[in-house]
K.L.:
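I have a structure here, written as structure tokens, and I will follow up with some questions on it.
Atoms within a ligand are numbered from 1 in the order they appear, just like the ligands themselves.
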Amino acid sequence: MNYNHLKIESKWQNIWEKEKTFKTEDDSSKEKVYILDMFPYPSGSGLHVGHPLGYTATDIYSRFKRLNNFNVLHPIGWDAFGLPAEQYAIKTGTHPRSTTEENIKNFKRQIKMLGFSYDWDREINTTDEKYYKWTQWIFLQIYKKGLAYEAKVPVNWCPELKAVLANEEVVDGKSEIGGHPIIRKPMRQWMFRITDYAESLLSGLDSLDWPESVKELQRNWIGKSTGANVIFNLPSIDKNIEVYTTRPDTLFGATYMVLAPEHPYVSDLITSDKIHILENYIAKSQKKSDLDRGELNKNKTGFFTGSYAVNPINNEKIPVWIADYVLMSYGTGAIMAVPGHDKRDYEFAQKFNLPIIEVVEGGDVRKEAFIDNQNGLIINSKNNLINLNGLKVLEGKRKVISWLRDTNNGSAKTQYKLRDWLFSRQRYWGEPIPIVHEDNGLITPLDESELPLLLPETEKYEPAASGESPLANIKNWVNTPNGKRETNTMPQWAGSCWYYLRYIDPLNDKEAWSKEKENYWMPVDLYVGGAEHAVLHLLYSRFWHHVLYDLKLVSTKEPFQKLFNQGMIRGEDGQKMSKSKGNVINPDIVVDEFGADSFRLYEMFMGPLEKSKPWNTKGLQGCYRFINKVWRICIENSDKISDKEIDLKTEKILHKTIKKVTDDLNNLRFNTVVSHLMIFVNHLQTLDHLSKDTIRTFLILMNPLAPHITEEINETLGYDRIASSSWPTYNSKLIVEEKQTIAVQFNGKTRGTIGINSDLSEIEISDLIKKDKKLSKYFNGFMVIKLILVPKRLINFVLKPE
Ligand code: ANZ
């Protein structure tokens, strides 16, 4: 009997589907584990090999946990609103729904062919009205809590796409999709007050088991900074103006002031001869994004207003300038410029010949080194009101802040970089926002009983000429007896902000989820997905969750307890896979030729899950040969298998294998799991006699990774289904290990030694060496092309430059 992967795999997939093997019960007597994938956007090009990397990992972990008697929730669905289907509709007239349905069909076929153990009864689709009814319902809860508001804001307007894009959809002043130019244009929008949750989103991170790098990205995005607001007087217009500074200790070094061109005082401050300069300047500034004005701004521009401000600490008059490197959207839109210690101010002062005063010791002011010198001592900062000289920066800050407070010249202030979330889009293919603008001027949310507010049917998907969404053209939908419907729709982020809650109770038509079930299943115990979602998706969904928590609609403050980012699979040539490079691997072809089990095993064997790694057909073939070997040993040579007991050596190896596989699965170290299995099979190959029990135990260990072939062999041997069996345990007496020291060589040169357990595999030894303080450096800049292990003596890495 030859190994026929196509026959075996479709047989088991049909059985699982028919018997609903992986249906999850809301059985609260068992310990639960909620294992979540970032659900895919069903694009026209189908699944790429990166998707199954994460999905295979979570599938293995889910199967492992089920065998360990956990009640596992492992669902899948479709994040199916979004721009590509809409653009396709504009081009071809095909309704986005039918494009989306087609794509989902293809994705589903591909996911099913890989044998993933999802509970398909919980499948969700963000574009399904039964789903988006509740997305709209959550919008209403957020609105009623006072966290949604309308505002006229300058937005990224793309004349070509006729759509407003979010900042993250704009790259270098061009649209991320299509690369069309973007201009800034004020428009009425819906905003979410995510800034009210800045502190909550920041402090919540501390309790999470997430990669430190992702937490750091979120912290930077929220961008908390502490400092002071300082009040300066503007004698020419008899007004006070506030500036925000993180360095109140440098107040004696403020030699000029800068206002953002949009600052409300600007028009009062400039002398009449400069009005036209201002108008020109504002027009130019508004074409730039905040990023271009701030961080990326290398050639600073600006002009003098002709007016002066009075520095409260020394009563000196400093000139007031206008420049767009100061943003209206941050702090107060005005700054005290300290060119001695701020790089941006330094560049500006250099260009316009403004005075530079050093107030923190740290070398020559004209050199880079003095800037941001937080460790120096304060100098040049003394008068009859206050003396800061000799203080450290931190002490100086504290002293100035209390002086500001005591003299009513300012106060301590905390700022966040986080901006309110622009939540509306001028698109058709999104959730309608359940709001009516009444003729009497009132903004009225729909009653919950009126949900879902359905997307109206149309055949024209072009936005209105005004830039409003295509919905604005559908008059009989827009007009209600008392007013007009909101025509903006929600961004694609909306559906993915809460999908993990709907999986808990996907068919509930009375409420978004039942409290009881939510209480049992939340939080998500393991969330696996790509690092590209490190900031926005994870921040937005955490924001919704924090709000829902405050509304007592969910029982945990944070939604995702543990997060894992899988790495990227690159092309065989080491480059990012892309159609244009012709290096894309199509999973359909791989599965057809080698089978899902080999594919799954190979994706795990490629290397640690979090690493980015190149595809390698030879590696895949190696896994296919391994699977075939297992088949030969268990099926073709089955005459060697009997009920007789096995020898002690094999028994010991088996128990060590159980321990290692168990430990590594618990720690998501799937690549080493594969190598433990391979080593064990190599040992089996040397034996004349095999015990049926040993084979059965081995099949269970291998089942999470290669579920089809293991169930097939298991059935042939006459055992109950693995899917309804239990994970094996090991006898700790059988796994005492022997220590030994071996030499470590790189390209044949001995660079040190390492102490190991005698039964470690090549990969495990190599992992240890890569983590070793002294030895790991030899890998820098090199890749391993070959590994030679001489047992008990040495390991040699053959390297070549990367
Ligand atoms: C004086 C000063 C001296 C500053 C110094 C920095 C260093 P973060 O850390 O990002 O919060 N600033 C304030 N509002 C601004 C705005 N609307 N546009 C551009 N820049 C603005 O940075 C806060 C610092 O950025 C503030 O502290 C201010 O410059 C500037 F040695 O004030 B500082």
Side-chain angles (χ1 to χ4, degrees), residues 154 195 198 202 219-232 241-266 285 288-298 300-302 309 311-313 318 320-349 354-363 365 367-381 388 391-394 396-397 400-401 404 410-419:
T195 50
L202 193 61
R219 287 190 190 108
N220 290 339
W221 191 264
I222 296 167
K224 180 175 183 171
S225 81
T226 50
N229 272 359
V230 184
I231 300 169
F232 284 65
I241 186 167
E242 265 187 313
V243 303
Y244 173 68
T245 176
T246 44
R247 296 290 304 277
D249 55 300
T250 63
L251 195 47
F252 279 93
T255 57
Y256 63 101
M257 176 180 282
V258 186
L259 271 51
E262 304 87 347
H263 195 285
Y265 288 1
V266 163
S285 312
K288 302 185 195 166
S289 71
D290 282 2
L291 212 61
D292 289 327
R293 286 171 56 163
E295 273 156 56
L296 305 176
N297 183 349
K298 291 284 162 270
K300 304 228 164 15
T301 55
N311 185 340
I313 212 161
I318 55 173
V320 180
W321 285 65
I322 289 167
D324 69 4
Y325 78 93
V326 173
L327 307 174
M328 195 56 223
S329 54
Y330 189 64
T332 64
I335 65 156
M336 60 181 228
V338 183
H341 302 279
D342 182 281
K343 203 159 176 257
R344 301 157 291 184
D345 300 341
Y346 179 71
E347 286 165 6
F348 193 81
L354 291 156
I356 298 172
I357 303 177
E358 188 186 10
V359 290
V360 182
E361 205 170 50
V365 276
K367 289 201 184 123
E368 288 269 317
F370 70 93
I371 287 170
D372 269 347
N373 188 335
Q374 294 261 5
N375 297 319
L377 300 181
I378 298 180
I379 53 173
N380 297 327
S381 301
L388 307 174
L391 296 182
K392 291 189 182 132
V393 165
L394 213 63
K397 277 189 192 175
V400 173
I401 289 174
L404 288 169
S411 55
K413 177 82 188 166
T414 301
Q415 279 290 338
Y416 300 89
K417 290 251 151 57
L418 188 66
R419 301 271 73 95

K.L.:
May I ask you to list the atoms of ligand 1 that are less than 4.0 angstrom from any heavy atom of Val338?
P.N.:
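That gives atoms 1 (C), 3 (C) of ligand 1.
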K.L.:
Could you tell me whether some N/O pair between Thr250 and ligand 1 is separated by less than 3.5 angstrom?
P.N.:
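Looking only at distances, the answer is no, because the N/O contact criterion of under 3.5 Å is not met.
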K.L.:
At a 4.0 Å cut-off, with the gap strictly under it, does some heavy atom of Ser225 reach an atom of ligand 1?
P.N.:
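Yes.
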K.L.:
Quick one: does ligand 1 sit under 4.0 Å from the side chain of Arg344, the backbone, both or neither, non-hydrogen atoms only?
P.N.:
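Answer for Arg344: side chain.
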K.L.:
Taking distance alone, with no angle check, do Ala334 and ligand 1 share an N/O pair under 3.5 Å?
P.N.:
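There is no such contact.
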K.L.:
Could you check Arg247 against Val338 for side chain to side chain contact (heavy atoms under 4.5 Å, CB included), going step by step and ending with a plain yes or no?
P.N.:
CA-CA 9 Å; Arg247 296 290 304 277; Val338 183; over 6 Å; no
K.L.:
Using the salt bridge (charged side-chain N to carboxylate O under 4.0 Å, His left out) criterion, which residues pair with Asp324? Sequence neighbours excluded.
P.N.:
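Applying salt bridge (charged side-chain N to carboxylate O under 4.0 Å, His left out) to Asp324 gives Lys288.
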K.L.:
Taking C-beta and beyond as the side chain, do Val359 and His341 meet within less than 4.5 Å on heavy atoms?
P.N.:
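When only atoms from C-beta onward are counted, His341 and Val359 do touch, with a gap below 4.5 Å.
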K.L.:
Just to check, does Gln415 reach to within less than 4.0 Å of ligand 1 when the distance is taken from its heavy atoms?
P.N.:
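So Gln415 does not count as touching ligand 1.
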K.L.:
In ligand 1, which numbered atoms sit nearer than 4.0 Å to a non-hydrogen atom of Tyr325?
P.N.:
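Reading through ligand 1 atom by atom, the close ones are 18 (N), 19 (C).
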K.L.:
Can you name the atoms of ligand 1, numbered from 1 with element, that are less than 4.0 Å from a heavy atom of Arg247?
P.N.:
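Counting atoms of ligand 1 from 1, those under 4.0 Å from Arg247 are 2 (C), 3 (C), 5 (C), 6 (C), 7 (C), 31 (F).
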K.L.:
Determine whether Pro312 and Val230 make a side-chain contact, defined as any pair of heavy atoms from C-beta on separated by less than 4.5 Å.
P.N.:
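Yes. Closest side-chain heavy atoms under 4.5 Å.
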K.L.:
For the pair Phe348 and Tyr325, name the ring-plane relationship: parallel under 30°, tilted 30 to 60°, perpendicular over 60°.
P.N.:
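Aromatic pair Phe348/Tyr325 classed tilted.
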K.L.:
Could you tell me, atom by atom, which parts of ligand 1 come under 4.0 Å of a heavy atom of Asp342?
P.N.:
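Within the 4.0 Å cut-off of Asp342, ligand 1 contributes 4 (C), 5 (C), 6 (C), 7 (C), 31 (F).
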K.L.:
Does the N or O separation between Thr246 and ligand 1 drop below 3.5 Å for any pair?
P.N.:
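It does: an N or O of Thr246 is found under 3.5 Å from an N or O of ligand 1.
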K.L.:
Look at atom 32 (O) of ligand 1 and find which of Val243, Asp345, Val326, Thr245 reaches it with the closest heavy atom.
P.N.:
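Nearest option to atom 32 (O) of ligand 1, by heavy atoms: Thr245.
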K.L.:
Heavy-atom pairs closer than 4.0 Å: do any link ligand 1 to the side chain of Lys417, the backbone, both, or neither?
P.N.:
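Only the side chain of Lys417 comes within reach of ligand 1.
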K.L.:
Here's a test for you: under side chain to side chain contact (heavy atoms under 4.5 Å, CB included), which of Glu262, Lys417, Arg419, Arg293 qualifies with Ser329?
P.N.:
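Option passing the side chain to side chain contact (heavy atoms under 4.5 Å, CB included) with Ser329: Arg419.
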K.L.:
Is the backbone of Phe252 close enough, under 3.5 Å, to the side chain of Ser381 for a donor and an acceptor to pair up by distance?
P.N.:
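Side chain of Ser381 to backbone of Phe252: no pair is present.
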K.L.:
Is the shortest heavy-atom distance from the side chain of Met257 to the side chain of Ile335 under 4.5 Å?
P.N.:
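Contact flag for Met257/Ile335 side chains = no.
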